[in-house]
Amino acid sequence: MNKKIRTDAVDHLFDAILSLKNKEECYILFEDLCTVNELISLSQRFEVATMLRNRKTYLEIAEKTGASTATISRVNRSLNYGNDGYEMVFARMENKQTE
């Protein structure tokens, strides 16, 4: 875990996010919290991670998402050498779909 991001301010933000009850509340907060471009960038990275996990090529991912190869490479590095945050979320989303 990157100690640089572990601050009281980040804890406060995460507490706020964890208080959200549904997708509509997420839209309400994130529309106020982020610019449109920031939110699109975050969602693009998540889509890239999903496609990498599904063994799509960089070319397929770039064409579908508009992400640069640098972004795809960064996400791929996180998938392979990160904290397994993507995998944790993917597993929970898959479990939720089977319930």
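Quick caveat: nothing in here was measured; it's all calculated off a predicted structure. Position 1 is the first residue of the sequence, and the numbers go up from there.
Residue pairs meeting the ring pair (Phe, Tyr, Trp, His ring centres under 6.0 Å) criterion with at least one partner in residues 62-83, sequence neighbours excluded, are absent. Sorted by first and then second residue, the salt bridge (charged side-chain N to carboxylate O under 4.0 Å, His left out) pairs involving residues 38-50 (not counting sequence neighbours) are Glu47-Lys64. Under the salt bridge (charged side-chain N to carboxylate O under 4.0 Å, His left out) criterion, no residue pair touches residues 68-85, with sequence neighbours excluded. Evaluation of the ring pair (Phe, Tyr, Trp, His ring centres under 6.0 Å) test over residues 19-38, restricted to residues two or more places apart or in two chains, returns none.
Under the 4.5 Å side-chain contact rule for hydrophobic residues, Leu39 and Leu29 share a cluster. One hydrophobic cluster, built from ILVMFWY side chains closer than 4.5 Å, holds both Tyr86 and Val89. Side-chain heavy atoms closer than 4.5 Å link hydrophobic residues (I, L, V, M, F, W, Y) into clusters, and following such links, possibly through other members, connects Val75 to Met93.
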Contacts table for residues 10-22: side-chain donor-acceptor under 3.5 angstrom, sequence neighbours left out:
unit_1, atom_1, unit_2, atom_2, d
Ser19, OG, Ala16, O, 2.6
Asn22, OD1, Glu24, N, 3.1
Asn22, OD1, Glu25, N, 2.8

Atom pairs and distances, side-chain donor-acceptor, residues 49-56, under 3.5 Å, sequence neighbours left out:
unit_1, atom_1, unit_2, atom_2, d
Thr50, OG1, Phe46, O, 2.9
Arg53, NE, Glu87, OE1, 3.2
Arg53, NE, Glu87, OE2, 3.1
Arg53, NH1, Glu94, OE2, 2.6
Arg53, NH2, Glu87, OE1, 3.3
Arg53, NH2, Glu94, OE2, 3.3
Asn54, ND2, Thr50, O, 3.2

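Scanning for side-chain hydrogen bond (donor to acceptor under 3.5 Å, both in side chains) contacts around Thr71 gives Ser68, with sequence neighbours left out. Under the side-chain hydrogen bond (donor to acceptor under 3.5 Å, both in side chains) criterion, Glu60 pairs with Thr57, sequence neighbours left out.
Put simply, CD1 on Ile72 and OG1 on Thr65 are 5.5 Å apart, with the number rounded to the nearest 0.5 Å.
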